[in-house]
Each structure stands twice: as structure tokens, then as C-alpha cells.
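The block underneath contains the structure these notes are about, expressed in C-alpha cells.
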Amino acid sequence: MEKILMKQIVTRFAPSPTGTLHIGGVRTALFNYVYAKQNNGKFLVRIEDTDRERSTKEYEENILNNLSSIGLEPDEKPINQSERNEIYIKAAEKIIESGNAYWCDCSQEELEQMRKEQTEAGKKPMYDGRSRNLGIERSEKTVLRLATPEDGEIIVNDLIRGEIKFNNSELDDLILLRSDGTPTYHLCNVVDDFEQNVTTVIRGEDHISNTPRQIHIQKALGYPDLEYAHLPLVLGTDKKRLSKRNAATSLEDYRKKGYLDSAILNTLARLGWSQGENEVFFLNDLIKDFNIKEVQKAGAIFDITKLDWLNSQHLAKLTLQEFKDSLKPFLEEIGIDINNHNNVDLLIDSLRTSDNNFSGIANQLYPYYKDIKEYDDNAIKKFISDNDILHDLKDILQNIDDWNEESINKALSTYQEQNNLKVPQVNQPVRIALTGKTKSPGLGLTLEIFGKEKALKRIEKML
RNA sequence: GUCCCGUUCGUCUAGAGGCCUAGGACACCGGGUUUUCAUCCCGGCAACAGGGGUUCGACUCCCCUACGGGAUGCCA
């Protein structure tokens, strides 16, 4: 125990590249990253691509790229398990030499039959160790199994859950090497954690029951104990584990929609962890304030409305320049060059709260850059019965030389008062003419943003 | 089936036996500001899964039940 405390903390994120990086994975990576950083330790990434069937290079690149671009940069070059076969096999040999593993030639059919019988007898289906003392020689149909102690117990000390006990009698002799000679997940995992000097395993709670098995492998290899923290799972709105079926899970989808990286991280961190009454956290805050022991034990549903709100909070903290830089690609996406406007800064600043993500804001901005796609018919019906008012206003606006918010508003209210009209009777027709709808910043400001020429053109178009 | 983990407002959570008439945030509803919208401000609605203990006292400790999740693979 003392030894662990003295060592530099090393954590790792170990995804298998069988899909794009999803937000549950980002959260696991985030907690690993933050825990390492707050302990002046290292954060590592390991690609667990031993499942050759489902792993692809594309997914691997997606995961690695997204990870570093969102700010969770690993401290060392990620390693691939697929390239480390000899290391695992060497470890397996070491276990054989120590007498803690044996070859087993049970066929798949035999095993199935065994499980079937166990299930029917109301027992837990598990390998019964029938080949354990047979002294079977290695052949092309044998697997290598770990000889797990039959009695006693393993205690997993979890940073989040405390002590978790498992009776060894519940554990069967797991396979270390497949009949084709390739190592299995548990072996690779344990060996790599040792080889990478990992001290702390932070992963999803779906790995809790794997842990005692892995500890037995560690013991057979003479490796030191590790620290564990099993995170509660991120759930979909159906309370099931978050998957493509019940929600958008790909990190990329959220970024494309225009959510800030910092807001995504913030939302994920708040899933399972909190600190007093604070809601808004940046990565640096997390490194300072996060405490793994405070993490909740129950699974948490990922709620997009919380992301929406947090995103608006993070958006509000951006300087105008930062905001523009981030918004730019979203405007390009709908064919708009952000600088193609006479009054860019005023425009963007006025509309920065018009939605809570960049793609929504870009859409709000559309009529300020391009011709109005479609007019809100209901609004026209409601506010424009005849064109008299618009005609008058056109003339009035035409005569304003000092084209700014203040003087425009003044002219507008003078007209409104003199003709005994209500404000919406005057303002809404103009608004509709300019933007196609009844929503916009203050009308004087909106007119100023459009500029005299363009504003008048749009009004004329309505007549 | 067996083993393991879990269970506070719709959602994220605070709560480490009396501070709880269970607090905050999001969402929702209502009001104010802007006589548009958004922002912002104010207010409201709303929860300890159920049952037994232990205790002077239980959201907090113990047990049982229910429900949810995970494991039980020559997947990871």
C-alpha cells in the first residue's frame, strides 16, 4: 500500500476500436485524465484491438483524433495490443512455469453440454476444471487456462465503492491463450497495465466482475496490486446503457451540432460527480476540484437539455473573437462567409444568445447574410393587413441620415405615437420584412445591423 | 438460476443518525425586464422504491423484498 502511494500515478484509457469514440468513453477518458493530472501523474491510452474481426484502423484513428482534439491528450504514444503478442505469450509461459496454468482440450460442444447441465441443475454455468490435473500436452486444439484458487476470497478495493468481495469458488479457470495461440482480453489487459506501469484502473462498472479474475492473473505473474475505481455507467433515457440505439452517442455528432468541447466535458463530468452548488466546470477546474471518491455509485442518464444549458453557459464565457472563430465553420456549412457582412461584430454579438449551439445560431443568422428562405405566413397574416404602415416607414427610414440604433428607434416611436399605433403594429411588419419572422434583436439595432440600403430593399420587397 | 453493483424531484445531484418543513441545477409552469424573440431576474411544481429492524431519533446503519444494471464467452 505504501508503495502505491509513493509511486507516480499512471492511469489509462483502453478502448477497443470497434466503433467511433462515444461519449461514455469520453467520460471514462476524462476521469482517467483528470485523476492523473491532479496527481502529477500520467494519462495513457491503449488500443485493445485483439478482436481482429471487429477492430478497424478507421475507428482507432477516430478515437485517437477525437480524444486529443477534445483536450485529453495522452502523455505517451498509444500502444496497440495487436502488436504485442510475444509479450503476452511470454507472460503466459511464465504462468505455466509457476504451475498456475494448464492446457485444456475440452471441445466447444463439450463445454456447451456442461453449461447446459449446470444451468438445468440450477447452478452457475462455469468451467468445472475437469482438465486441470490431467497433464494434457499442448496441441492445436488446446487452450491455456489459469488455475484459479478454489477457495478463499478476493477483495477488490474500489475507490468509489469500497470493498467488494468475491468468493474464489465463484470464479472458474479462465482462458489465457486460445487454441490458435492468441492471448485473451484478461491476459493482455493485466500484462499491459503492468508493462505500462499503470497504478490506477478507472473504468466502467461493467468491469467489476472481471476484476477478481484479473487480480488472479496478476498474482500468478507476481505483479503488484492496482488501485481500482469503477465508474457508474452513462445511461440512455430508457435507463439502459447508452448505445446507438437509444441516443446519439458519437462524440463527433455533438461537436458537429455545435456544442463546445468544454461544455461536453462539463456535462460528462457532472454525470456522476458534483461539487456543492457549482455547475459550470472547465477542465482546469476539474483537475483542481475533482475527487474520485466523491463519484456517485448509480448510473446516470445522459440528458441533452443539460448539455444545452451548459453549452449556453460556456458560450457566454467566450470573447466575441473566440465566439466568431468557433462559429465560422458552422456558417460555412450553410454557405456563409462570416465576414461577408458590413456589421459583423454587432451582428454576431446581438445574436449570440439566439440559440444554445452553433448550428442553431448559424441558422438564426441566415437571413442576415442571405435572402430570406421563407417568410412566416402566420406572422404576415397577423401583422400585415395592408401595406400602409410599411410604406410610411419606408419613407421615414429613407430620410434618416444618421443610421444608428438610437436615431432609428426615435423615428420609429415618433411615428408610432403620432399615428396612435401600438408598438407591435409598427415593429413587427418591419421585422418580418427584414428577417422573415417576428423574432430579432431590438428593432433599431436590427435595422442598424442590416444597414440602410439593405434594410430598405427588404422593405420594398415586401410591398 | 448464481454471483456482483446499484435505487433521493421528470433529469443531474446535495445529504456521511438529529442542521431535512429533504437543499441546488436543468426541464416544465407562472410573473417581471425587452411592449418581438433570446438573454437576464423573481416565483412555483416536484423525490428519500417497499417492508421490517437497530435507536430517544433514520434519507442516512442492518436485514428482507421489488426493480434496474453487469458478469457468468476460445468478445472486449
Side-chain angles (χ1 to χ4, degrees), chain A residues 14-18 48-51 53-55 81 104 106-108 111-112 115 118-127 141-145 156 158 160-161 164-167 169-172 174-186 188-189 204-213 230 232-233 235 237 239-241 267 270-280 294 296-310 312 316 350-356 361 364 379 383 416 422-425 427-428 430-432 435 437-443 446:
Chain A
S16 21
T18 55
E48 304 212 325
D49 51 358
T50 51
D51 183 348
E53 307 274 294
R54 296 190 297 147
S55 302
Q81 289 191 327
C104 159
C106 293
S107 67
Q108 303 274 18
L111 293 176
E112 263 167 50
R115 289 192 194 105
Q118 288 165 333
T119 309
E120 280 166 5
K123 288 191 191 153
K124 179 177 183 165
M126 50 191 270
Y127 183 64
K141 48 176 199 169
T142 55
V143 296
L144 184 70
R145 285 184 186 272
V156 177
D158 192 282
I160 297 171
R161 291 153 212 276
I164 307 171
K165 290 181 190 170
F166 294 88
N167 277 113
S169 59
E170 293 292 333
L171 273 20
D172 62 4
L174 80 229
I175 293 172
L176 263 13
L177 254 30
R178 302 185 184 101
S179 48
D180 66 1
T182 57
T184 58
Y185 160 70
H186 289 295
C188 300
N189 196 275
E205 69 170 329
D206 48 333
H207 286 286
I208 290 178
S209 29
N210 288 156
T211 310
R213 300 167 194 283
H230 287 95
L233 262 22
L235 276 21
T237 41
K239 289 205 173 230
K240 296 244 191 297
R241 189 177 173 165
T267 306
R270 280 289 286 99
L271 245 40
W273 179 77
S274 67
Q275 190 203 42
E277 288 176 2
N278 300 136
E279 294 288 344
V280 180
E294 293 170 349
Q296 187 93 7
K297 297 182 183 77
I301 294 173
F302 178 79
D303 183 6
I304 187 88
T305 62
K306 196 79 167 193
L307 209 211
D308 283 332
W309 179 74
L310 244 11
S312 70
S350 310
L351 281 160
R352 59 184 287 171
T353 58
S354 62
D355 203 314
N356 48 36
I361 293 166
Q364 295 292 336
F383 291 105
Q416 174 240 320
K422 300 218 157 123
V423 177
Q425 286 180 284
N427 287 11
Q428 296 303 49
V430 182
R431 214 171 240 125
I432 294 164
T435 66
K437 55 196 176 188
T438 56
K439 301 169 184 176
S440 89
L443 191 58
T446 307

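The chains referred to below are lettered A, B, ... by the order of the sequence lines, with proteins before strands, and numbering in each begins at 1.
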Item to check | Separation between the C1' atoms of B/U8 and B/A22, rounded to whole Å | outcome: 8 Å
Checklist entry - Now, which nucleotide makes the Watson-Crick or G-U wobble pair with B/C28, with each of the two distances under 3.5 Å? => result B/G44
Checklist entry - NA contact type, A/Thr50, heavy-atom cut-off 4.0 Å: base, sugar-phosphate, or nothing? => result sugar-phosphate
Next on the checklist: Say we look at B/A46 and B/G53: how far apart would their C1' atoms be, to the nearest angstrom?
Outcome noted: 31 Å
Item to check | A/Thr438: partners by side chain to side chain contact (heavy atoms under 4.5 Å, CB included), with sequence neighbours left out | outcome: A/Ala379, A/Phe383, A/Gln428, A/Ile432
Checklist entry - With sugar-phosphate meaning primed atoms plus P, OP1 and OP2, does A/Cys104 contact a base, only sugar-phosphate, or nothing at under 4.0 Å between heavy atoms? => result nothing
Checklist entry - Can a donor-acceptor pair be found between the side chains of A/Asp180 and A/Thr182 at a distance below 3.5 Å? => result yes
Next on the checklist: Heavy atoms only, 4.0 Å cut-off, all strands: where does A/Asn427 land among base, sugar-phosphate and nothing?
Outcome noted: nothing
Item to check | Donor on one side chain, acceptor on other, A/Ser440 and A/Thr435, under 3.5 Å | outcome: no
Checklist entry - Say you draw a straight line from OG1 of A/Thr184 to CZ of A/Arg145; how long is it, rounded to the nearest 0.5 Å? => result 10.5 Å
Next on the checklist: What contact category does A/Gln108 fall into here, base, sugar-phosphate, or nothing, at under 4.0 angstrom with non-hydrogen atoms?
Outcome noted: base
Next on the checklist: For B/C61, give the paired nucleotide (Watson-Crick: N1-N3 plus N6-O4 or O6-N4; G-U: N1-O2 and O6-N3; both under 3.5 Å), or none.
Outcome noted: B/G53
Item to check | Any donor-acceptor pair under 3.5 Å from A/Thr211 side chain to A/His207 backbone | outcome: yes
Checklist entry - Taking the P atom of each, how far is B/G17 from B/A58, in whole Å? => result 14 Å
Item to check | First encountered from the 5' end of RNA chain B, between A/Ile164 and A/Gln296 | outcome: A/Ile164
Item to check | Inter-nucleotide P distance (B/C45, B/G10), Å rounded | outcome: 14 Å
Item to check | Whole-Å P distance, B/U39 and B/A47 | outcome: 27 Å
Checklist entry - Within the structure shown, what part of the strands sits under 4.0 Å from A/Lys297 by heavy-atom distance: base, sugar-phosphate, or nothing? => result sugar-phosphate
Checklist outcome for this item: Contacts of A/Lys124 meeting side chain to side chain contact (heavy atoms under 4.5 Å, CB included) (sequence neighbours excluded), chain-then-number -> A/Met126, A/Glu170
Item to check | 5'-most by nearest nucleotide on RNA chain B - A/Glu170 or A/Lys240 | outcome: A/Glu170
Next on the checklist: Say we look at B/C9 and B/G1: how far apart would their P atoms be, to the nearest angstrom?
Outcome noted: 26 Å
Checklist entry - With sugar-phosphate meaning primed atoms plus P, OP1 and OP2, does A/Ser274 contact a base, only sugar-phosphate, or nothing at under 4.0 Å between heavy atoms? => result sugar-phosphate
Checklist entry - How would you label the contact of A/Gly272 with the nucleic acid (heavy atoms, under 4.0 Å): base, sugar-phosphate, or nothing? => result sugar-phosphate
Checklist entry - When we call it a touch if two heavy atoms are under 4.0 Å apart, what does A/His230 touch: a base, just sugar-phosphate, or nothing? => result nothing
Checklist outcome for this item: Of all heavy-atom pairs linking A/Gly272 and A/Ala300, the shortest is N-CB, 4.5 Å
Checklist outcome for this item: Under a 3.5 Å limit on both distances, the Watson-Crick or wobble mate of B/A16 is none
Checklist entry - How would you label the contact of A/Lys437 with the nucleic acid (heavy atoms, under 4.0 Å): base, sugar-phosphate, or nothing? => result nothing
Next on the checklist: So A/Lys165, base contact, sugar-phosphate only, or nothing? Heavy-atom distance under 4.0 Å.
Outcome noted: sugar-phosphate
Next on the checklist: Both distances below 3.5 Å, Watson-Crick or wobble geometry, any strand: find the nucleotide opposite B/U33.
Outcome noted: none
Next on the checklist: Just to be sure I understand the rule, does A/Thr438 reach a base, reach only the sugar-phosphate, or reach nothing, if contact means heavy atoms closer than 4.0 Å?
Outcome noted: base
Next on the checklist: Please classify the nucleic acid contact of A/Ser179 as base, sugar-phosphate, or nothing, using heavy-atom distances under 4.0 Å.
Outcome noted: base
Next on the checklist: Between B/C37 and B/G6, how many Å separate the two P atoms, rounded to a whole number?
Outcome noted: 49 Å
Item to check | Watson-Crick or G-U wobble partner of B/U2, both distances under 3.5 Å | outcome: B/A71
Next on the checklist: Quick check on A/Arg241: does its CZ atom have over 12 non-hydrogen neighbours (other residues, nucleotides or ligands) under 6.0 Å away?
Outcome noted: no
Checklist outcome for this item: Footprint ends on RNA chain B, 5' to 3', for atoms under 4.0 angstrom from a heavy atom of chain A, come out as B/G1 to B/A76
Checklist entry - At under 4.0 Å between heavy atoms, what does A/Pro232 touch on the DNA or RNA strands: base, sugar-phosphate, or nothing? => result nothing
Item to check | Closest non-hydrogen atom pair, A/Pro232 against A/Ala298 | outcome: CB-O, 3.1 Å
Next on the checklist: Categorize A/Gln428 for me: base, sugar-phosphate, or nothing, with a 4.0 angstrom heavy-atom threshold over every strand shown.
Outcome noted: sugar-phosphate
Item to check | Distance between C1' atoms of B/A14 and B/C26 (Å, rounded) | outcome: 15 Å
